[in-house]
2 protein chains.
Amino acid sequence: MVQIYTGNGKGKTTAAIGLAIRTLGRGNKVCLIQLMKNAAFGEILFLKNFSNIDIFQFGTKEFVNLKTPTKTDFEEAEKAFQKTKDAINSKKYDLIIIDEINVAVSWKLLPVEKQLELMELTTNAEIVMTGRHASKEVLAKADLVTEMKEIKHYFAKGIPARKGIEF
Amino acid sequence: MVQIYTGNGKGKTTAAIGLAIRTLGRGNKVCLIQLMKNAAFGEILFLKNFSNIDIFQFGTKEFVNLKTPTKTDFEEAEKAFQKTKDAINSKKYDLIIIDEINVAVSWKLLPVEKQLELMELTTNAEIVMTGRHASKEVLAKADLVTEMKEIKHYFAKGIPARKGIEF
(Lines give C-alpha, C1' and ligand atoms only; values in the text may rest on other atoms or scores of the structure.)
Protein backbone atom coordinates (compact mmCIF):
# COMPACT_ATOMS: atom_id res chain seq x y z
CA MET A 1 0.00 0.00 0.00
CA VAL A 2 1.14 3.54 -0.68
CA GLN A 3 0.03 6.26 1.72
CA ILE A 4 0.36 9.98 1.04
CA TYR A 5 0.33 12.64 3.75
CA THR A 6 0.06 16.04 2.14
CA GLY A 7 -1.50 19.46 2.73
CA ASN A 8 -0.41 22.70 4.37
CA GLY A 9 -1.15 21.65 7.94
CA LYS A 10 0.99 20.37 10.79
CA GLY A 11 1.41 16.63 11.27
CA LYS A 12 2.65 15.09 8.03
CA THR A 13 6.15 14.09 9.10
CA THR A 14 5.06 13.43 12.67
CA ALA A 15 2.26 11.11 11.49
CA ALA A 16 4.85 9.16 9.50
CA ILE A 17 7.11 9.02 12.55
CA GLY A 18 4.20 7.87 14.69
CA LEU A 19 3.53 5.09 12.20
CA ALA A 20 7.20 4.12 12.42
CA ILE A 21 6.80 3.80 16.20
CA ARG A 22 3.70 1.66 15.78
CA THR A 23 5.60 -0.58 13.35
CA LEU A 24 8.67 -0.80 15.60
CA GLY A 25 6.39 -1.66 18.52
CA ARG A 26 5.25 -4.72 16.58
CA GLY A 27 8.85 -5.81 16.12
CA ASN A 28 8.89 -4.88 12.43
CA LYS A 29 11.53 -3.06 10.41
CA VAL A 30 11.44 0.55 9.22
CA CYS A 31 13.41 2.59 6.71
CA LEU A 32 13.19 6.38 6.96
CA ILE A 33 14.48 8.36 4.00
CA GLN A 34 14.39 12.15 4.24
CA LEU A 35 14.82 14.53 1.33
CA MET A 36 16.05 18.08 1.70
CA LYS A 37 16.80 17.47 5.36
CA ASN A 38 20.25 17.17 6.80
CA ALA A 39 19.77 17.97 10.42
CA ALA A 40 19.15 16.09 13.63
CA PHE A 41 15.57 16.98 14.44
CA GLY A 42 14.26 15.61 17.75
CA GLU A 43 12.81 12.52 16.09
CA ILE A 44 16.15 11.63 14.50
CA LEU A 45 18.03 12.09 17.77
CA PHE A 46 15.62 9.62 19.31
CA LEU A 47 15.22 7.07 16.52
CA LYS A 48 18.88 6.72 15.59
CA ASN A 49 19.37 4.61 18.71
CA PHE A 50 17.28 1.68 17.47
CA SER A 51 18.52 -1.17 15.33
CA ASN A 52 15.15 -1.87 13.69
CA ILE A 53 15.11 1.47 11.90
CA ASP A 54 17.55 2.64 9.21
CA ILE A 55 17.67 6.39 8.61
CA PHE A 56 19.07 8.13 5.55
CA GLN A 57 19.08 11.87 5.04
CA PHE A 58 19.70 13.58 1.73
CA GLY A 59 20.24 17.29 1.48
CA THR A 60 22.63 20.02 2.47
CA LYS A 61 22.90 21.89 5.74
CA GLU A 62 21.19 24.84 4.10
CA PHE A 63 17.57 24.60 3.12
CA VAL A 64 17.00 24.40 -0.63
CA ASN A 65 16.62 27.81 -2.25
CA LEU A 66 13.48 27.35 -4.27
CA LYS A 67 14.43 29.91 -6.89
CA THR A 68 17.99 28.76 -7.42
CA PRO A 69 18.48 25.13 -6.35
CA THR A 70 22.09 24.07 -6.64
CA LYS A 71 23.57 21.14 -8.55
CA THR A 72 23.99 19.43 -5.17
CA ASP A 73 20.28 19.74 -4.43
CA PHE A 74 19.47 17.81 -7.61
CA GLU A 75 22.17 15.23 -6.93
CA GLU A 76 20.92 14.64 -3.39
CA ALA A 77 17.35 14.15 -4.63
CA GLU A 78 18.58 11.62 -7.18
CA LYS A 79 20.55 9.79 -4.45
CA ALA A 80 17.42 9.68 -2.29
CA PHE A 81 15.52 8.18 -5.22
CA GLN A 82 18.17 5.47 -5.73
CA LYS A 83 18.28 4.69 -2.00
CA THR A 84 14.51 4.37 -1.87
CA LYS A 85 14.51 2.03 -4.87
CA ASP A 86 17.19 -0.10 -3.21
CA ALA A 87 15.28 -0.11 0.09
CA ILE A 88 12.07 -1.24 -1.59
CA ASN A 89 13.84 -3.87 -3.67
CA SER A 90 15.76 -5.21 -0.65
CA LYS A 91 12.43 -6.53 0.73
CA LYS A 92 13.82 -6.17 4.23
CA TYR A 93 11.50 -3.42 5.49
CA ASP A 94 7.89 -3.48 6.63
CA LEU A 95 7.52 0.28 6.43
CA ILE A 96 9.41 2.71 4.20
CA ILE A 97 8.90 6.43 4.74
CA ILE A 98 10.03 8.88 2.08
CA ASP A 99 9.77 12.16 3.89
CA GLU A 100 9.26 15.37 1.85
CA ILE A 101 9.35 13.60 -1.52
CA ASN A 102 6.19 15.44 -2.58
CA VAL A 103 7.94 18.75 -2.02
CA ALA A 104 11.09 17.66 -3.84
CA VAL A 105 8.93 16.73 -6.84
CA SER A 106 6.89 19.91 -6.69
CA TRP A 107 10.16 21.89 -6.69
CA LYS A 108 11.34 19.81 -9.65
CA LEU A 109 14.38 18.46 -7.86
CA LEU A 110 13.05 15.05 -8.89
CA PRO A 111 10.82 14.32 -11.90
CA VAL A 112 7.34 13.11 -10.99
CA GLU A 113 7.96 10.04 -13.15
CA LYS A 114 10.55 8.85 -10.63
CA GLN A 115 8.09 9.18 -7.76
CA LEU A 116 5.53 7.23 -9.78
CA GLU A 117 8.18 4.62 -10.57
CA LEU A 118 8.75 4.08 -6.84
CA MET A 119 5.01 3.66 -6.34
CA GLU A 120 4.91 0.94 -8.97
CA LEU A 121 7.63 -1.27 -7.52
CA THR A 122 6.45 -4.62 -6.23
CA THR A 123 6.68 -4.77 -2.45
CA ASN A 124 4.99 -5.98 0.69
CA ALA A 125 6.22 -2.94 2.58
CA GLU A 126 3.93 -0.11 3.50
CA ILE A 127 5.16 3.00 1.67
CA VAL A 128 4.51 6.44 3.14
CA MET A 129 5.28 9.59 1.15
CA THR A 130 5.00 12.97 2.84
CA GLY A 131 5.13 16.63 1.97
CA ARG A 132 3.00 19.44 0.64
CA HIS A 133 1.89 19.72 -2.95
CA ALA A 134 1.64 16.03 -3.86
CA SER A 135 1.05 15.92 -7.61
CA LYS A 136 -2.25 14.85 -9.14
CA GLU A 137 -0.69 11.77 -10.73
CA VAL A 138 0.67 10.70 -7.34
CA LEU A 139 -2.68 11.23 -5.63
CA ALA A 140 -4.41 9.23 -8.35
CA LYS A 141 -2.05 6.28 -7.94
CA ALA A 142 -1.95 6.22 -4.10
CA ASP A 143 -3.98 3.78 -2.01
CA LEU A 144 -4.51 6.25 0.81
CA VAL A 145 -4.36 10.03 0.88
CA THR A 146 -4.73 12.22 3.94
CA GLU A 147 -4.68 15.96 3.58
CA MET A 148 -3.36 17.66 6.70
CA LYS A 149 -5.25 20.89 6.44
CA GLU A 150 -4.30 23.97 8.39
CA ILE A 151 -7.38 25.40 10.04
CA LYS A 152 -5.51 27.59 12.52
CA HIS A 153 -1.80 27.92 13.31
CA TYR A 154 0.03 29.78 16.04
CA PHE A 155 2.74 30.76 13.54
CA ALA A 156 0.15 33.28 12.35
CA LYS A 157 0.30 34.82 15.82
CA GLY A 158 4.06 35.26 15.47
CA ILE A 159 5.08 32.28 17.62
CA PRO A 160 8.43 31.00 16.30
CA ALA A 161 9.26 27.32 15.68
CA ARG A 162 10.19 25.64 18.95
CA LYS A 163 12.72 22.87 19.61
CA GLY A 164 11.02 19.59 20.47
CA ILE A 165 7.73 20.75 18.95
CA GLU A 166 8.37 22.00 15.42
CA PHE A 167 11.78 20.32 14.98
CA MET B 1 -0.16 26.14 23.37
CA VAL B 2 -3.05 23.84 22.67
CA GLN B 3 -3.01 21.86 19.43
CA ILE B 4 -6.00 19.98 18.03
CA TYR B 5 -5.74 17.15 15.50
CA THR B 6 -9.18 16.33 14.21
CA GLY B 7 -10.94 15.19 11.03
CA ASN B 8 -11.90 11.88 9.48
CA GLY B 9 -8.50 11.08 7.99
CA LYS B 10 -5.62 8.89 9.09
CA GLY B 11 -2.80 10.38 11.12
CA LYS B 12 -4.26 12.07 14.19
CA THR B 13 -2.94 9.74 16.89
CA THR B 14 0.22 8.96 14.93
CA ALA B 15 0.98 12.69 14.53
CA ALA B 16 0.67 13.05 18.30
CA ILE B 17 2.96 10.05 18.80
CA GLY B 18 5.45 11.50 16.32
CA LEU B 19 5.45 14.74 18.31
CA ALA B 20 6.09 12.70 21.46
CA ILE B 21 9.15 11.20 19.76
CA ARG B 22 10.38 14.64 18.73
CA THR B 23 9.96 15.84 22.31
CA LEU B 24 11.66 12.75 23.79
CA GLY B 25 14.52 13.23 21.31
CA ARG B 26 15.15 16.64 22.85
CA GLY B 27 15.36 15.08 26.30
CA ASN B 28 11.98 16.45 27.39
CA LYS B 29 9.14 14.77 29.26
CA VAL B 30 5.88 13.50 27.81
CA CYS B 31 2.55 12.39 29.27
CA LEU B 32 0.25 10.34 27.03
CA ILE B 33 -3.33 9.95 28.20
CA GLN B 34 -5.66 7.84 26.08
CA LEU B 35 -9.43 7.78 26.37
CA MET B 36 -11.57 4.85 25.29
CA LYS B 37 -8.45 2.79 24.65
CA ASN B 38 -7.35 -0.08 26.79
CA ALA B 39 -5.14 -2.07 24.51
CA ALA B 40 -1.46 -2.31 23.70
CA PHE B 41 -1.29 -0.82 20.22
CA GLY B 42 2.15 -0.93 18.58
CA GLU B 43 3.02 2.55 19.77
CA ILE B 44 2.29 1.64 23.39
CA LEU B 45 4.34 -1.55 23.22
CA PHE B 46 7.24 0.60 22.07
CA LEU B 47 6.85 3.69 24.23
CA LYS B 48 6.21 1.94 27.55
CA ASN B 49 9.94 1.14 27.71
CA PHE B 50 11.03 4.74 28.18
CA SER B 51 11.26 6.57 31.46
CA ASN B 52 10.64 10.04 29.99
CA ILE B 53 7.11 9.18 28.97
CA ASP B 54 4.22 8.32 31.28
CA ILE B 55 1.28 6.52 29.70
CA PHE B 56 -2.23 6.24 31.11
CA GLN B 57 -5.08 4.46 29.39
CA PHE B 58 -8.72 4.85 30.34
CA GLY B 59 -11.38 2.62 28.91
CA THR B 60 -12.55 -0.93 28.87
CA LYS B 61 -11.37 -3.83 26.75
CA GLU B 62 -14.46 -3.44 24.62
CA PHE B 63 -14.88 -0.41 22.44
CA VAL B 64 -17.55 2.03 23.68
CA ASN B 65 -20.98 1.27 22.29
CA LEU B 66 -22.06 4.66 21.02
CA LYS B 67 -25.75 3.98 21.48
CA THR B 68 -25.52 2.51 24.97
CA PRO B 69 -22.35 3.61 26.77
CA THR B 70 -22.01 1.93 30.15
CA LYS B 71 -21.55 3.52 33.55
CA THR B 72 -17.92 2.41 33.37
CA ASP B 73 -17.41 4.33 30.12
CA PHE B 74 -18.49 7.54 31.84
CA GLU B 75 -16.38 6.80 34.92
CA GLU B 76 -13.30 6.12 32.83
CA ALA B 77 -13.74 9.38 30.91
CA GLU B 78 -14.02 11.26 34.21
CA LYS B 79 -10.86 9.54 35.50
CA ALA B 80 -9.04 10.55 32.31
CA PHE B 81 -10.15 14.14 32.90
CA GLN B 82 -8.85 14.11 36.49
CA LYS B 83 -5.55 12.53 35.44
CA THR B 84 -5.08 15.14 32.73
CA LYS B 85 -5.77 17.94 35.19
CA ASP B 86 -3.23 16.47 37.59
CA ALA B 87 -0.68 16.02 34.81
CA ILE B 88 -1.04 19.64 33.70
CA ASN B 89 -0.93 20.97 37.25
CA SER B 90 2.12 18.86 38.12
CA LYS B 91 4.17 21.07 35.73
CA LYS B 92 6.48 18.14 35.12
CA TYR B 93 5.71 17.53 31.46
CA ASP B 94 6.76 19.38 28.32
CA LEU B 95 4.14 17.68 26.17
CA ILE B 96 0.77 16.28 27.25
CA ILE B 97 -1.26 14.31 24.72
CA ILE B 98 -4.91 13.62 25.40
CA ASP B 99 -5.73 11.06 22.75
CA GLU B 100 -9.36 10.75 21.57
CA ILE B 101 -10.70 13.38 23.95
CA ASN B 102 -12.57 15.03 21.06
CA VAL B 103 -14.42 11.78 20.42
CA ALA B 104 -15.21 11.24 24.10
CA VAL B 105 -16.73 14.72 24.22
CA SER B 106 -18.64 14.28 20.99
CA TRP B 107 -20.10 11.05 22.40
CA LYS B 108 -20.97 12.93 25.59
CA LEU B 109 -18.87 10.70 27.82
CA LEU B 110 -17.33 13.96 29.00
CA PRO B 111 -19.01 17.40 28.98
CA VAL B 112 -17.36 19.89 26.62
CA GLU B 113 -16.98 22.26 29.58
CA LYS B 114 -14.41 19.89 31.08
CA GLN B 115 -12.37 19.84 27.88
CA LEU B 116 -12.50 23.65 27.82
CA GLU B 117 -11.46 23.72 31.48
CA LEU B 118 -8.34 21.68 30.62
CA MET B 119 -7.52 24.14 27.84
CA GLU B 120 -7.68 27.04 30.27
CA LEU B 121 -5.27 25.67 32.85
CA THR B 122 -2.03 27.59 33.16
CA THR B 123 0.88 25.56 31.85
CA ASN B 124 4.11 25.71 29.91
CA ALA B 125 3.45 22.27 28.48
CA GLU B 126 2.36 21.78 24.90
CA ILE B 127 -1.11 20.25 24.97
CA VAL B 128 -2.27 18.06 22.10
CA MET B 129 -5.87 16.87 21.86
CA THR B 130 -6.83 14.35 19.21
CA GLY B 131 -9.92 12.73 17.77
CA ARG B 132 -12.68 13.31 15.29
CA HIS B 133 -15.50 15.77 15.79
CA ALA B 134 -13.73 18.39 17.90
CA SER B 135 -16.43 20.78 19.07
CA LYS B 136 -16.70 24.34 17.79
CA GLU B 137 -15.93 25.80 21.20
CA VAL B 138 -12.75 23.72 21.38
CA LEU B 139 -11.66 24.77 17.88
CA ALA B 140 -12.29 28.40 18.75
CA LYS B 141 -10.15 28.21 21.87
CA ALA B 142 -7.25 26.21 20.39
CA ASP B 143 -3.98 27.78 19.26
CA LEU B 144 -3.49 25.33 16.41
CA VAL B 145 -5.95 23.15 14.54
CA THR B 146 -5.09 20.63 11.87
CA GLU B 147 -7.84 18.76 10.11
CA MET B 148 -6.69 15.35 8.92
CA LYS B 149 -8.96 15.00 5.93
CA GLU B 150 -9.56 11.69 4.26
CA ILE B 151 -9.15 12.11 0.52
CA LYS B 152 -8.84 8.41 -0.25
CA HIS B 153 -8.63 5.35 2.01
CA TYR B 154 -7.92 1.71 1.30
CA PHE B 155 -10.57 0.69 3.86
CA ALA B 156 -13.00 1.67 1.10
CA LYS B 157 -11.43 -1.07 -1.03
CA GLY B 158 -12.14 -3.63 1.70
CA ILE B 159 -8.60 -3.80 3.11
CA PRO B 160 -8.89 -4.65 6.85
CA ALA B 161 -6.95 -2.89 9.63
CA ARG B 162 -3.42 -4.28 9.85
CA LYS B 163 -1.22 -4.81 12.89
CA GLY B 164 1.69 -2.34 12.97
CA ILE B 165 -0.06 -0.01 10.53
CA GLU B 166 -3.56 0.71 11.83
CA PHE B 167 -2.94 -0.40 15.42
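Order of the sequence lines fixes the chain letters, A, B, ..., with proteins taken first and strands second; residue numbering starts at 1 for each chain. As the structure is a prediction and not an experimental result, all values here were calculated from the model.
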Answer yes if B:Leu121 and B:Val138 sit in the same cluster of Ile, Leu, Val, Met, Phe, Trp and Tyr residues linked by side chain heavy atoms under 4.5 Å apart, and no otherwise.
-> yes
Which portion of A:Lys48 sits near chain B, non-hydrogen atoms under 4.5 angstrom = neither
Determine which residues belonging to residues 158-167 of chain A lie within contact range of chain B, meaning some heavy atom pair is under 4.5 Å apart, and list them by number or answer 'none'.
-> A:Ile159, A:Arg162, A:Lys163, A:Gly164, A:Ile165, A:Glu166, A:Phe167
Per-residue contacts, residues 141-152 of chain B versus chain A, heavy atoms under 4.5 Å | B:Lys141, B:Ala142, B:Asp143, B:Leu144, B:Val145, B:Thr146, B:Glu147, B:Met148, B:Lys149, B:Glu150, B:Ile151, B:Lys152
Pick from A:Leu45, A:Ile4, A:Val128 with the largest number of heavy-atom pairs that fall under 4.5 Å of chain B = A:Leu45
Is chain B contacted by the side chain of A:Ile44, its backbone, both, or neither, given a heavy-atom distance below 4.5 Å?
-> neither
With chain B, the option among A:Phe46, A:Phe155, A:Phe41, A:Phe50 that has the most non-hydrogen atom pairs under 4.5 Å is A:Phe46
Bottom line for A:Tyr5: the part with an atom under 4.5 Å from chain B's heavy atoms is side chain
Residues of residues 78-116 of chain B with a heavy atom under 4.5 Å from any heavy atom of chain A, in residue-number order, are none
B:Phe58 reachable from B:Ile53 in the ILVMFWY side-chain graph, under 4.5 Å edges | no
For B:Leu139, is it the side chain, the backbone, both or neither that has a heavy atom under 4.5 Å from a heavy atom of chain A?
-> backbone
Tell me the residues of residues 6-35 of chain B whose non-hydrogen atoms fall below 4.5 Å from those of chain A, in number order.
-> B:Gly9, B:Lys10, B:Gly11, B:Thr13, B:Thr14, B:Ala15, B:Ile17, B:Gly18, B:Leu19, B:Ile21, B:Arg22, B:Thr23, B:Leu24, B:Gly25, B:Arg26
B:Asn49, CG atom: more than 12 neighbouring heavy atoms under 6.0 Å | yes
